[in-house]
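Before any comments, here is the structure.
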Amino acid sequence: MAQFSGCEPLVGEIVGLRSFRVDESGLLLPLYAREAWYDGTNTAVCAPPTGDRARSDHPVAAPDCECGFYAYGTETAAARNRNMRFVQAVVSCWGSVVAGTQGVRAQHARIDAIWLGAAVPRGLRARIAQHYPSARIYADQAAMLAEHPLSVLPCYDAPPQHRTASRALSALLGAAMLTLGLLPSSLVVGPVRDLWLTAIVLTAALALWLLIGSHGRSHLAAAVVFAGLTAWLVAPVFGWAGWLLRLPVLRALLVATGGYLLSLRPGYFPVVKSARQRTFCGVRP
């Protein structure tokens, strides 16, 4: 939460960048919620993206909560979100606004401009424009950002200098963990056994810590991931039967790989199936 909190509350409109999912009818949906945004002013209520129960004992957005509309403060921060390849929107934020190292959370937000990837179907582009007539639709991302510059706040992080190295290190560590879980028990001896036991203890401890300290669905999801990794590491002890412990992680890897390959297909654009009934984000009944 420190990425979108930590600085003093702000006054006035702050311009940020964010992404949306798009449904068949042309409505823009948050990435982790089902309620669509309105054209014009949207007003947030306390409904954190981690799934915690709504609270009414504080204004939105509160520094010690996760409520509010989110927006990235820089292109560099926004680029970490894979969905930004498909949809980007410049949004103005005001009211109670809390800033962090990566962006802001706000009580009120308005979509000012929308960039859609080249693969978006023409009919869907027209439906989006119909739902959001006050927002200009762009085919050129650079032109959108030139005409709608983002606000510059001193609390935003500077662009990382060693991002490629950290990604490579993470990938190497992940590959090493998966390799440990594939080794037959006859090879898990000496220093390899010590490393294997250390990895099991660490992953199990992380899973338990996340489960005990859970504050929402994101923490529970992370706990499940580390529990699956622990089962993967323990699998060599059970020989061929250990593949039953590896199945959840294998399935997750298969789904993730398939989704990634699908997103690389020329002309691919993700579209969410429209719900029969749709409520709008942040608007009280």
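Values in this document were obtained by computation on a predicted structure and should not be read as measured data.
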Between [Y] and [X], does any NZ, NE, NH1 or NH2 come within less than 4.0 Å of an OD or OE carboxylate oxygen?
X      : Y      : result
Asp112 : Arg110 : yes
Glu24  : Arg127 : no
Glu66  : Arg105 : no

I'd like to know if [Y] and [X] are part of one continuous hydrophobic network [Ile/Leu/Val/Met/Phe/Trp/Tyr, side-chain heavy atoms within less than 4.5 Å].
X      : Y      : value
Leu124 : Tyr268 : yes
Val237 : Val192 : yes
Met144 : Leu150 : yes
Trp240 : Leu250 : yes
Leu173 : Val225 : no

Roughly how far apart are [X] [atom1] and [Y] [atom2], rounded to 0.5 Å?
X      : Y      : atom1 : atom2 : result
Leu28  : Asp23  : CG    : CG    : 8.5 Å
Leu253 : Leu178 : CG    : CG    : 6.0 Å
Phe226 : Thr203 : CZ    : OG1   : 8.0 Å
Leu197 : Leu202 : CG    : CG    : 11.0 Å
Glu147 : Asp140 : CD    : CG    : 9.5 Å
Gln88  : Leu17  : CD    : CG    : 5.0 Å

So [Y] and [X], do their side chains get closer than 4.5 Å, heavy atoms only?
X      : Y      : answer
Leu245 : Phe238 : yes
Glu75  : Leu145 : yes
Pro236 : Pro184 : no
Leu116 : Val87  : yes
Leu153 : Val104 : yes
Thr101 : Cys155 : no
Glu35  : Leu29  : no

A quick test of your reading: do over 12 heavy atoms of other residues, nucleotides or ligands sit less than 6.0 Å from CZ of Phe86?
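Count over threshold, so yes.
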
Matching residue for Arg193 among Val188, Leu187, Thr198 - test: side-chain contact (heavy atoms from CB on, under 4.5 Å):
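Per the side-chain contact (heavy atoms from CB on, under 4.5 Å) rule, the option paired with Arg193 is Val188, out of Val188, Leu187, Thr198.
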
side-chain contact (heavy atoms from CB on, under 4.5 Å) partner of Leu233, chosen from Leu183, Leu182, Ile200:
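Exactly one pass, corresponding to Ile200.
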
Looking at every heavy atom in both [X] and [Y], which two are closest together, and how far apart are they?
X      : Y      : answer
Ala106 : Trp94  : CB-O, 4.0 Å
Pro30  : Phe20  : N-CD2, 4.1 Å
Pro149 : Val15  : O-CG1, 3.6 Å
Gly242 : Ala235 : O-CB, 3.4 Å
Asn42  : Phe69  : O-CE1, 3.3 Å
Ser19  : Asn83  : OG-ND2, 2.7 Å

Run the side-chain contact (heavy atoms from CB on, under 4.5 Å) check on Leu27 and Trp37 step by step: do they pass?
CA-CA 7 Å; Leu27 290 172; Trp37 278 46; over 6 Å; no

For the side chain of [X] and the backbone of [Y], is there at least one donor-acceptor N/O pair under 3.5 Å apart?
X      : Y      : value
His108 : Ser92  : no
Ser151 : Ile14  : no
Arg18  : Tyr70  : yes
Thr230 : Ala204 : yes
Trp115 : Ile137 : no
Arg85  : Arg82  : yes
Gln107 : Gly95  : no
Arg21  : Ala33  : yes

Pairs satisfying salt bridge (Lys or Arg N to Asp or Glu O under 4.0 Å), at least one member in residues 168-182, at least two apart:
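Salt bridge (Lys or Arg N to Asp or Glu O under 4.0 Å) check on residues 168-182 returns no pairs.
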
Is there a side-chain contact (heavy atoms from CB on, under 4.5 Å) between Ile114 and Ile128? Walk through the geometry before answering.
CA-CA 9 Å; Ile114 305 169; Ile128 294 172; 4.2 Å; yes

Show your working on side-chain contact (heavy atoms from CB on, under 4.5 Å) between Leu210 and Leu220 and close with a plain yes or no.
CA-CA 7 Å; Leu210 287 166; Leu220 289 175; over 6 Å; no

Cationic tip of Arg246 above Trp243 ring, under 6.0 Å, 45° of axis:
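Here Arg246 passes the 6.0 Å and 45° test against Trp243.
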
Ring centers of Tyr132, Tyr38 separated by less than 6.0 Å:
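No, ring centres 6.0 Å or more apart.
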
